[in-house]
Trainee: 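Please find one structure pasted underneath; my questions will follow.
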There are 2 protein chains.
Amino acid sequence: MAARLLIVEDDPALAELLVWHFEAEGYDVTQTADGEEALLLAAEQAPDAIILDWMIENISGIEVCRRLRRAPETANVPIIMLTARGEEEDRIRGLETGADDYVTKPFSPRELIVRLAAILRRTRPALAGKTLKIEDLELDPVAHRVRRSGEEVPLGPTEFRLLQHFMERPGRVLSRAQLVTGVWGQDSDIEERTVDVQVKRLRAAINTPGGKDMIRTVRSAGYSLG
Amino acid sequence: MAARLLIVEDDPALAELLVWHFEAEGYDVTQTADGEEALLLAAEQAPDAIILDWMIENISGIEVCRRLRRAPETANVPIIMLTARGEEEDRIRGLETGADDYVTKPFSPRELIVRLAAILRRTRPALAGKTLKIEDLELDPVAHRVRRSGEEVPLGPTEFRLLQHFMERPGRVLSRAQLVTGVWGQDSDIEERTVDVQVKRLRAAINTPGGKDMIRTVRSAGYSLG
DNA sequence: GAGAAATATGACGCTTAGATAACAGAATTG
DNA sequence: CAATTCTGTTATCTAAGCGTCATATTTCTC
């Protein structure tokens with residue numbers, strides 16, 4: 001399954017060029033010129049990365065960026081900003097709002113492709129969009145579906161995000177603080193104990209009655225999967 | 001066990017940006033805008049690395065850097081300096097005073113993250129997630145797991161921290177006082193005899209019944225591993 | 001080899017981290 | 001808009017883990 005990419009660019013010529021190149025690279029590309037629409041699409045499609053022009057219609061790119069960061073569903077999606085040359089000021093402000101990288105116009109598509117690849121390699125070791133598997137547990141991010149030995153497991157939205165977070169980092173111990181920011185979003189006043197409760201719920205959902213626990217508790221450190 | 005990072009930056013927007021990104025990377029971040037406070041925090045928390053802006057309130061970054069180097073507790077902590085573009089002069093003086101690397105504004109967060117990771121990989125492999133190995137003993141800091149000839153060894157939190165401390169300094173004799181500050185923290189009212197007890201517990205956990213002791217007691221000096 | 005100093009060991013409470021259940025408010029859904 | 005699912009918080013319970021101390025053992029010195 002290809003990585004999904006959302007391109008927010010209102011110059012039709014540049015947009016077309018980018019779409020063409022990224023599709024040629026095998027990405028599954030959606031494109032819009034409109035900021036509001038971008039937010040909707042991002043929430044709906046959960047893309048793996050977003051390319052965002054600084055100057056777009058309706059809302060400024062910077063505002064789109066900030067709002068993306070605020071929503072838990074999109075808080076962790078990598079964003080690359082496109083800025084015009086010499087807008088030093090903008091560049092800095094763009095980074096301040098939470099973009100992961102920026103590229104200055106004019107740029108070669110190759111450069112953008114390389115940067116995106118670098119970021120994805122780092123942030124999504126197991127690229128979302130592909131089905132994640134650990135032992136007999138499978139999570140399909142596109143279909144929003146989880147199976148345990150082929151049988152569908154019903155999960156609530158938070159449980160799903162928590163499990164996806166774990167499955168993207170198999171074996172890794174994640175502290176409660178890391179889970180709070182990673183699953184609930186950057187600035188949430190969630191009580192750390194709440195993580196315990198969600199982990200318990202997730203355990204109850206994915207563990208087979210007799211079998212061993214898939215989530216390991218690491219005392220004074222956190223939890224890990226697998 | 002997340003790496004502790006101290007960020008000294010007085011531009012609130014940039015500071016927030018950096019905190020956001022590094023927390024997302026899993027670092028345990030403290031931030032201050034004030035040079036004097038930075039020195040106090042550094043002494044108190046013993047961070048694993050410091051990001052230091054050249055221009056900050058109260059004392060110049062360069063002076064903070066110099067003083068950090070002078071104090072024995074912080075003399076070896078890696079420091080990355082942030083400098084404005086083109087201040088070649090500053091850059092050189094920064095390195096002269098003991099910074100390990102510098103990054104010129106404006107920079108992408110990605111770049112800073114990569115540089116820090118590179119430095120940590122060099123100075124503290126375990127913090128970069130590298131598995132520590134001594135003979136047939138392996139400690140995986142990411143998974144928070146210890147194996148002896150492939151077989152998992154269950155350890156309590158303190159035992160784990162103690163072992164990691166030893167494994168990061170193989171062969172070196174560590175005094176009880178050093179172990180107390182290194183493993184229990186700068187200010188702990190721990191009795192020095194307690195170290196003996198934890199060492200005993202660690203020995204019991206990692207030594208194979210018939211085999212020889214992996215931890216050597218150095219009378220009137222301390223302990224060493226390997 | 002005796003005495004002293006340092007370390008090893010075993011036992012004992014206490015603290016605290018995590019599991020769990022119950023509950024109420026929020027969000028969804030039909 | 002009512003019903004139901006979902007979610008965050010809190011209180012309680014349990015047990016692992018830890019620090020301390022008293023005692024045993026080892027090592028060093030003379």
Side-chain angles (χ1 to χ4, degrees), chain A residues 43-44 71-73 144 146 152-166 173-207 209 212-225, chain B residues 1-2 144 146 152-166 173-185 187-207 209 212-225:
Chain A
E44 197 174 286
E73 305 85 11
H144 235 261
V146 174
E152 175 147 14
V153 175
L155 289 182
T158 307
E159 283 153 34
F160 184 86
R161 266 181 294 134
L162 181 61
L163 179 60
Q164 182 169 353
H165 199 81
F166 273 124
V173 173
L174 301 165
S175 70
R176 283 165 235 279
Q178 287 175 319
L179 289 169
V180 167
T181 58
V183 176
W184 277 263
Q186 189 54 29
D187 32 42
S188 60
D189 328 345
I190 293 305
E191 207 65 41
E192 283 204 352
R193 296 271 119 244
T194 300
V195 177
D196 298 30
V197 178
Q198 284 299 344
V199 167
K200 163 159 169 47
R201 286 169 181 157
L202 182 56
R203 273 173 167 154
I206 65 173
N207 284 329
K212 69 166 198 288
D213 199 341
M214 291 210 63
I215 299 176
R216 182 170 60 114
T217 301
V218 181
R219 192 166 240 259
S220 84
Y223 299 94
S224 82
L225 177 75
Chain B
M1 201 174 308
H144 235 265
V146 173
E152 174 146 15
V153 175
L155 289 182
T158 308
E159 284 153 34
F160 186 88
R161 268 179 294 133
L162 181 61
L163 179 60
Q164 179 169 342
H165 199 82
F166 273 123
V173 176
L174 301 165
S175 71
R176 292 180 175 70
Q178 286 175 318
L179 289 169
V180 167
T181 58
V183 176
W184 278 263
D187 33 42
S188 61
D189 333 343
I190 293 306
E191 206 65 40
E192 281 205 354
R193 296 275 117 240
T194 300
V195 176
D196 298 30
V197 178
Q198 284 299 342
V199 167
K200 160 158 170 46
R201 285 170 181 157
L202 182 55
R203 275 172 166 154
I206 65 173
N207 284 329
K212 67 166 200 286
D213 198 342
M214 291 209 63
I215 299 176
R216 183 168 57 108
T217 302
V218 182
R219 201 182 163 83
S220 79
Y223 299 94
S224 84
L225 177 75

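Nothing here was measured: the structure is a model prediction, and the numbers come from that model. Throughout, a chain's letter reflects where its sequence line sits, starting with A, and its residues are numbered from 1. Only this structure's heavy atoms are used, side chains among them; waters, hydrogens and symmetry mates stay out.
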Trainee: Roughly how far, to the nearest 0.5 Å, is CG of B/Leu162 from CD1 of B/Ile206?
Mentor: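 The distance works out to 9.0 Å.
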Trainee: Taking only residues two or more places apart in sequence, or in another chain, which ones meet B/Asp189 in a side chain to side chain contact (heavy atoms under 4.5 Å, CB included)?
Mentor: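 For B/Asp189 there are no side chain to side chain contact (heavy atoms under 4.5 Å, CB included) partners, ignoring immediate neighbours.
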Trainee: Mind checking side chain to side chain donor-acceptor pair (under 3.5 Å) for B/Thr158 and listing every partner two or more places apart, or none if nothing turns up?
Mentor: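 If we apply the side chain to side chain donor-acceptor pair (under 3.5 Å) test to B/Thr158, skipping adjacent residues, the hits are B/Arg161.
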Trainee: For B/Val197, which residues count as a side chain to side chain contact (heavy atoms under 4.5 Å, CB included) partner, sequence neighbours excluded?
Mentor: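 With sequence neighbours excluded, B/Val197 shows a side chain to side chain contact (heavy atoms under 4.5 Å, CB included) to B/Arg201, given in chain and number order.
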Trainee: Taking only side-chain nitrogens and oxygens of A/Arg203, does any of them come within less than 4.0 Å of OP1 or OP2 of C/dT20?
Mentor: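 It does not, given that no N or O in the side chain of A/Arg203 lies less than 4.0 Å from OP1 or OP2 of C/dT20.
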Trainee: My understanding is that only residues two or more places apart in sequence, or in another chain, count here; which of them pass salt bridge (Lys or Arg N to Asp or Glu O under 4.0 Å) with B/Arg219?
Mentor: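 Partners of B/Arg219 by the salt bridge (Lys or Arg N to Asp or Glu O under 4.0 Å) criterion come out as none, since no residue qualifies.
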Trainee: Nearest-Å distance, CG (B/Asn207) to C1' (C/dA8)?
Mentor: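 Distance check: B/Asn207 CG to C/dA8 C1' gives 14 Å.
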Trainee: Is the closest side-chain heavy-atom distance between B/Leu174 and B/Leu225 below 4.5 Å?
Mentor: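 Answer no - side chains too far apart.
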Trainee: Answer with base, sugar-phosphate or nothing: what part of the nucleic acid does A/Val180 contact at a heavy-atom distance below 4.0 Å?
Mentor: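 Since no nucleic acid heavy atom lies under 4.0 Å of A/Val180, the category is nothing.
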Trainee: Protein-nucleotides 24-30 of chain C N/O pairs closer than 3.5 Å?
Mentor:
none

Trainee: How close or far is atom C1' of D/dT25 from atom CG of B/Asp196, stated in whole angstroms?
Mentor: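 Atom-to-atom, B/Asp196 to D/dT25, this comes out as 13 Å.
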Trainee: Who pairs with A/His144 by ring-ring contact (aromatic ring centres under 6.0 Å, His included), at least two apart in sequence or on another chain?
Mentor: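 Residues passing ring-ring contact (aromatic ring centres under 6.0 Å, His included) with A/His144: A/Phe160.
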Trainee: Quick one: side chain to side chain contact (heavy atoms under 4.5 Å, CB included) partners of B/Glu152, sequence neighbours excluded?
Mentor: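 B/Glu152 satisfies side chain to side chain contact (heavy atoms under 4.5 Å, CB included) with A/Arg216, B/Arg145 only.
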Trainee: Generate the contact string for nucleotides 5-15 of chain D. Rules: B means base contact, S means sugar-phosphate contact only, - means no protein heavy atom under 4.0 Å.
Mentor: -SBBBB-----
Trainee: What's the CG-P distance between A/Leu174 and C/dG18, to the nearest Å?
Mentor: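 Between P of C/dG18 and CG of A/Leu174: 14 Å.
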Trainee: So, taking the atom named CG in B/Leu163 and the one named CG in B/Leu155, what distance separates them when rounded to the nearest 0.5 Å?
Mentor: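 If we round to the nearest 0.5 Å, B/Leu163:CG and B/Leu155:CG are 6.5 Å apart.
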Trainee: Is any side-chain nitrogen or oxygen of B/Thr217 closer than 4.0 Å to OP1 or OP2 of C/dA8?
Mentor: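 Answer is yes, contact under 4.0 Å.
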Trainee: The criterion is side chain to side chain donor-acceptor pair (under 3.5 Å); which residues satisfy it with A/Asp213, sequence neighbours excluded?
Mentor: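 A/Asp213 satisfies side chain to side chain donor-acceptor pair (under 3.5 Å) with A/Arg203, A/Asn207 only.
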Trainee: Separation of B/Lys200 atom NZ from D/dT25 atom P, in whole Å?
Mentor: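 Distance check: B/Lys200 NZ to D/dT25 P gives 14 Å.
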Trainee: Can you name the residues that form a side chain to side chain contact (heavy atoms under 4.5 Å, CB included) with A/Arg176, not counting sequence neighbours?
Mentor: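 Expected list: A/Glu192, A/Arg193, A/Val195, A/Asp196, A/Tyr223.
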Trainee: Check whether any side-chain nitrogen or oxygen of A/Tyr223 sits under 4.0 Å from OP1 or OP2 of C/dA19, and answer yes or no.
Mentor: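 Checking C/dA19 against A/Tyr223, a side-chain N or O does come within under 4.0 Å of OP1 or OP2.
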Trainee: Calculate the interatomic distance between B/Arg216 atom CZ and C/dA8 atom C1'; express it in whole Å.
Mentor: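 One finds 18 Å between C1' of C/dA8 and CZ of B/Arg216, rounded.
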Trainee: How bent is the helix from C/dG1-D/dC30 to C/dG30-D/dC1, comparing axes over its five end pairs at each side, to the nearest 10°?
Mentor: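 Computed from the C1' atoms at both ends, the axes differ by 40°.
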